[in-house]
Amino acid sequence: MGHFKPVEITIYGAEQICASCVNLPSSKETYEWLEAALTRKYPNQPFSMNYVDIMNPPAEEKLQAFAQRVIEEDMFYPVVLIEDQIVAEGNPRLKTIYVEMEKYGYQAPTV
């Protein structure tokens with residue numbers, strides 16, 4: 001296993017579920033589910049995860065700007081970013097996220 005920089009995963013969401021996402025889990029639930037899934041998939045391969053509330057983003061300019069964009073462009077949230085690349089909108093598919101993680105050197109242990 002080579003050393004690699006833990007990727008940064010940012011999830012933009014809101015308490016309120018977007019109008020077109022009615023039967024989907026909330027952004028927060030998606031965040032927790034994703035964190036659990038990635039931790040299981042890539043044991044001992046650290047990554048960092050942040051949750052940003054688009055209605056109440058932190059002071060960091062980059063986060064505020066993207067939160068604004070989600071609202072203005074009416075994107076389906078949660079929006080999942082890996083290293084600032086949008087990898088999923090609305091209902092993230094694990095498979096898509098795994099493919100992206102593996103580009104950064106993450107590996108699922110072979111059984």
Side-chain angles (χ1 to χ4, degrees):
M1 288 287 293
H3 272 296
F4 56 91
K5 173 176 129 10
V7 299
E8 195 176 320
I9 303 168
T10 312
I11 295 186
Y12 289 82
E15 287 299 313
Q16 198 190 347
I17 292 176
C18 58
S20 26
C21 314
V22 176
N23 295 315
L24 298 179
S26 72
S27 300
K28 206 78 175 160
E29 287 167 338
T30 300
Y31 172 88
E32 286 159 5
W33 162 79
L34 195 55
E35 187 173 40
L38 291 173
T39 305
R40 269 198 311 273
K41 178 87 170 172
Y42 307 115
N44 310 318
Q45 297 170 66
F47 53 88
S48 83
M49 269 185 90
N50 299 308
Y51 176 79
V52 176
D53 184 335
I54 58 174
M55 301 304 174
N56 195 4
E60 203 181 318
E61 204 171 311
K62 182 179 91 171
L63 302 178
Q64 284 188 340
F66 193 84
Q68 191 58 40
R69 188 180 147 192
V70 173
I71 295 168
E72 283 173 3
E73 295 181 15
D74 224 359
M75 294 165 89
F76 289 160
Y77 49 83
V79 182
V80 181
L81 277 75
I82 294 181
E83 294 292 320
D84 297 330
Q85 288 286 332
I86 299 175
V87 293
E89 272 183 64
N91 193 6
R93 295 191 44 176
L94 279 174
K95 206 171 166 175
T96 314
I97 291 169
Y98 292 157
V99 166
E100 203 56 39
M101 295 288 281
E102 283 160 20
K103 288 182 194 166
Y104 291 99
Y106 285 79
Q107 289 172 336
T110 44
V111 181

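Note: hydrogens, waters and symmetry copies are ignored here, and every other heavy atom, side chains too, is used.
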Please examine the side chains of [Y] and [X], heavy atoms only from C-beta on, and report whether any two atoms are closer than 4.5 Å.
X     : Y      : value
Phe66 : Val52  : no
Leu34 : Leu94  : yes
Ile97 : Leu38  : yes
Met75 : Ile86  : yes
Ile11 : Asn50  : no
Glu83 : Lys5   : yes
Met49 : Tyr31  : yes
Pro6  : Tyr106 : yes

Could you state the interatomic distance from [atom1] ([X]) to [atom2] ([Y]), rounded to the nearest 0.5 Å?
X      : Y     : atom1 : atom2 : value
Met101 : Ile82 : CE    : CD1   : 5.5 Å
Trp33  : Ser26 : CH2   : OG    : 12.5 Å
Glu35  : Ser48 : CD    : OG    : 10.0 Å
Thr10  : Gln85 : OG1   : CD    : 12.0 Å

Can you see which heavy atom on [X] is nearest to which on [Y], and at what distance?
X     : Y     : value
Leu63 : Pro57 : O-CB, 4.4 Å
Tyr51 : Ser27 : OH-CB, 3.4 Å
Met55 : Ala14 : CG-CB, 4.2 Å
Tyr12 : Ala67 : CE2-N, 3.9 Å

Verify side-chain contact (heavy atoms from CB on, under 4.5 Å) between Ile9 and Val80, making sure each step is shown before the conclusion. CA-CA 7 Å; Ile9 303 168; Val80 181; 4.0 Å; yes
How about Glu72 and Gln68: does a side-chain donor come under 3.5 Å of a side-chain acceptor?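 A donor-acceptor contact under 3.5 Å links the two side chains.
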Polar contact flag, side-chain donor to acceptor under 3.5 angstrom, Tyr104-Gln45: no
Full working for salt bridge (Lys or Arg N to Asp or Glu O under 4.0 Å) between Asp84 and Lys62: CA-CA 10 Å; Asp84 297 330; Lys62 182 179 91 171; 3.3 Å; yes
Does Lys41 make a cation-pi contact with Tyr98 (under 6.0 Å, within 45 degrees of the axis)? yes
Do other residues, nucleotides or ligands put more than 12 heavy atoms under 6.0 Å from Glu73 CD? yes
